[in-house]
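Below you'll find the structure, written out as structure tokens, and then a few comments.
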Amino acid sequence: METDLNSQDRKDLDKFIKFFALKTVQVIVQARLGEKICTRSSSSPTGSDWFNLAIKDIPEVTHEAKKALAGQLPAVGRSMCVEISLKTSEGDSMELEIWCLEMNEKCDKEIKVSYTVYNRLSLLLKSLLAITRVTPAYRLSRKQGHEYVILYRIYFGEVQLNGLGEGFQTVRVGTVGTPVGTITLSCAYRINLAFMSTRQFERTPPIMGIIIDHFVDRPYPSSSPMHPCNYRTAGEDTGGTYPSVEDSQEVCTTSFSTSPPSQCVFTVTKAHFQTPTPVVTDTLRVPMAGLAFSHQLSSSRLSYQPAALGVGSADLAYPVVFAAGLNATHPHQLMVPGKEGGVPLAPNQPAHGAQADQERLATYTPSDGARCAATPSSSEDTETVSNSSEGRASPHDVLETIFVRKVGAFVNKPINQVTLTSLDIPFAMFAPKNLELEDADPMVNPPDSPETESPLQGSLHSDGSSGGSSGNTHDDFVMIDFKPAFSKDDILPMDLGTFYREFQNPPQLSSLSIDIGAQSMAEDLDSLPEKLAVHEKNVREFDAFVETLQ
Amino acid sequence: MLTHPVPETVLARVAPGWGEAPPSLFLSPSAVWAAGCRMNCRSEVLEVSVEGRQVEEAMLAVLHTVLLHRSTGKFHYKKEGTYSIGTVGTQDVDCDFIDFTYVRVSSEELDRALRKVVGEFKDALRNSGGDGLGQMSLEFYQKKKSRWPFSDECIPWEVWTVKVHVVALATEQERQICREKVGEKLCEKIINIVEVMNRHEYLPKMPTQSEVDNVFDTGLRDVQPYLYKISFQITDALGTSVTTTMRRLIKDTLAL
């Protein structure tokens, strides 16, 4: 319904609505990434921040949104919807929320487009920022990791609320009247989160470990490609090769400026993973034993193309925890694009010595290597890559990646696939030249008696010194230096290793051993009244003690 | 939500970088306040029941959410009366004692100012020894220049009042339940706030360069909220003021 709107206003309005839709999608997806979002205020306007809000643009998300919109704008009967769903490591999925950007026919002819509508859209985006942290899916998404991941899907057309289960609730974020209709932004979210898994195969740790709510198993075949929410773009300081979003350079309102295209680290090394890529090594200053990872790591993780094995890249040296995290989460992220919710590609092995801190870590996976990676050379590869489920189809980019695991301190089970030679491990020069077998691990099989006076020689991880092997009587395993990390010989009179060995197998408590408790049950019962009498005499003391606790 | 007049007694100014005299608070008769309130000031009231250690975070969550919606980027006036607006960044804040995350404007100055007054409120609540009831008011106002000898008037156009009831819990399990419950309650409050914000009711007109300080607080470096004041009072069950912050008010006046 064309009104008296002049053509300039009409063009502006269309642009505002289009960018509003794109920013809405960004806000929603970023809120489900599983981490805290932080952007900086800037007093000097750059002209590239739409609606005067600092909302980063994740290129892949923009790409998906544009694909869904296909050049159209939300109109009556044609809404833009962002569907947020949850997918467990076993392949069960459930829709959690549907965010709808709708347009209805109620027009506000008198409103000023370039001023009031713009400011109200800005206010609506702020409201969206606030509301996305308030729906139940937010807390779920903050805890995503190996047990489940959060996925998003954008579609355009009619809103489909069937997948939300019974009794879903709706929250309206806000409305903005424009001369061509009223824009409404709302969210319908599931409240019934009961889940009963009917899977028969054995699972490792129960997935209910952390999540208090239960989930309903609703096997919906996902009919359109779902995308993981825990994609993370690199910071702008790293180089990028993703096809940039040209529209982000369009004018906002008053000032004109070009914004730098959002850059991702996508140095897909075509062949040799033997040579570490220099581009991202500066982000890898992570201590071996350090389990706290920062944002920067996430950028480096995007620089490879995970293959069907769903494994990490060999050209970047990752600590084991990190890699294991990748391993754990990759399977169900790689399977996602283009696939109909099938089974994970690789068995989900969340913990080869991986620590619990992974919970957060896993969210930094590039998840969707298949979707987001692009070759520097051609952009049509992006499509091939993204349309293939695991990136297998991509001819020259997806190559075999070596599963890299560096053995961390005190890790029990080194994996056979560790190839030490090609890795850029810190302290590589200290790494033992021979692979450690499980039998050789003194932690698993403590030797019966030390052959020599000094503590057993052995190094558990490359951090330890390569002390060589002491004499040993067994041929089938190698006696290695046991030097616990960070222990110093000269301070303690007794070496930490010896101490540990000696007290590794303490004798049983006498009260626990059955021999001594040879009293019969009857005797026990008989002695009870005496014990009770004693306790009753002391009841005052007990009471006083309890009082002090309160 | 019922409207009610702004509590007359307690108006402590909390806008950082604000060096002007607050005599208008004393001198303006309460009638002006009340009149201003009834005429074009909308008032919203929120109530929360929290444990002692959750008071600060709950208040900050509500105040920051309101201020998020009532702040813009810094204005830069150019020739011919046009202006450009800076960019407002946001950040997520996780609460330690509540299962809740809120979004606030990325401005350390603003955060500090709010934390300061919320801290004072919390201390006042704790020291009052009363039933643990109190309320904070966040008021947005416009300044209106008056002719000499009258000083500028502050005319509120929106007041948010948050009533707090502090409960004491005995066991750890109750505290854990309280964490979750208060988190859910705060979610509802945020939805309420957003609902009010999106009614698009009265907002002051965008000012010219000479008038900008009458509408916005331009003292912050990176964002520009509307002029606001935060005050609080401790009440007893009947809602009458038990402790006032008159002391503070006097101190403010004398500090000039």
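Just so you know, these numbers come straight off a predicted model, no measurement behind them. Each chain gets a letter, A, B and so on, in the order the sequences are listed, and its residues count up from 1.
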[X] versus chain A, the contacting section by heavy-atom distance below 4.5 Å:
| X | value |
| --- | --- |
| B:Val223 | side chain |
| B:His69 | both |
| B:Phe100 | both |
| B:Thr171 | neither |

One option among A:Cys38, A:Gly174, A:Ser43 has the most heavy-atom pairs under 4.5 Å with chain B, and it is A:Ser43
For this session: Please step through side chain to side chain donor-acceptor pair (under 3.5 Å) for the pair A:Ser42 and B:Asp222, ending with a clear verdict.
Result: CA-CA 6 Å; A:Ser42 157; B:Asp222 37 16; over 6 Å; no
Determine the minimum heavy-atom distance between [X] and [Y], stating which atoms define it.
| X | Y | value |
| --- | --- | --- |
| B:Asn198 | A:Val173 | ND2-O, 3.1 Å |
| A:Lys126 | B:Leu68 | CD-O, 3.1 Å |
| B:Gly89 | A:Thr39 | CA-OG1, 3.4 Å |
| A:Leu53 | B:Thr87 | C-CG2, 3.6 Å |

What distance separates [X] [atom1] from [Y] [atom2], expressed to the nearest 0.5 Å?
| X | Y | atom1 | atom2 | value |
| --- | --- | --- | --- | --- |
| B:Gln91 | A:Ile37 | CD | CD1 | 11.5 Å |
| B:His200 | A:Arg120 | NE2 | CZ | 5.0 Å |
| A:Ser44 | B:Ile85 | OG | CD1 | 14.0 Å |
| A:Arg139 | B:Cys187 | CZ | SG | 8.0 Å |
| B:Asp92 | A:Tyr138 | CG | OH | 4.0 Å |

*asked:* Using a 3.5 Å distance criterion without hydrogens, assess whether the side chain of A:Ser41 forms a donor-acceptor pair with backbone atoms of B:Ser106.
replied: yes
Okay, side chain of A:Asn52, backbone of B:Gly73: is any donor-acceptor separation there less than 3.5 Å? no
Who wins among [options] for the most heavy-atom pairs under 4.5 Å with chain A?
| options | value |
| --- | --- |
| B:Val103, B:Val88, B:Thr72 | B:Val88 |
| B:Val105, B:Asp99, B:Ile190 | B:Asp99 |
| B:Glu188, B:Met206, B:Glu195, B:Arg104 | B:Met206 |

More than 12 heavy atoms of other groups within 6.0 Å of [X] [atom1]:
| X | atom1 | value |
| --- | --- | --- |
| A:Arg40 | CZ | no |
| B:Arg179 | CZ | yes |
| B:Arg53 | CZ | yes |

query = Given side chains that start at C-beta, do those of A:Lys36 and B:Asp94 come closer than 4.5 Å, heavy atoms only?
reply = yes
The interface call for A:Arg133 against chain B, heavy-atom contacts under 4.5 Å, is both
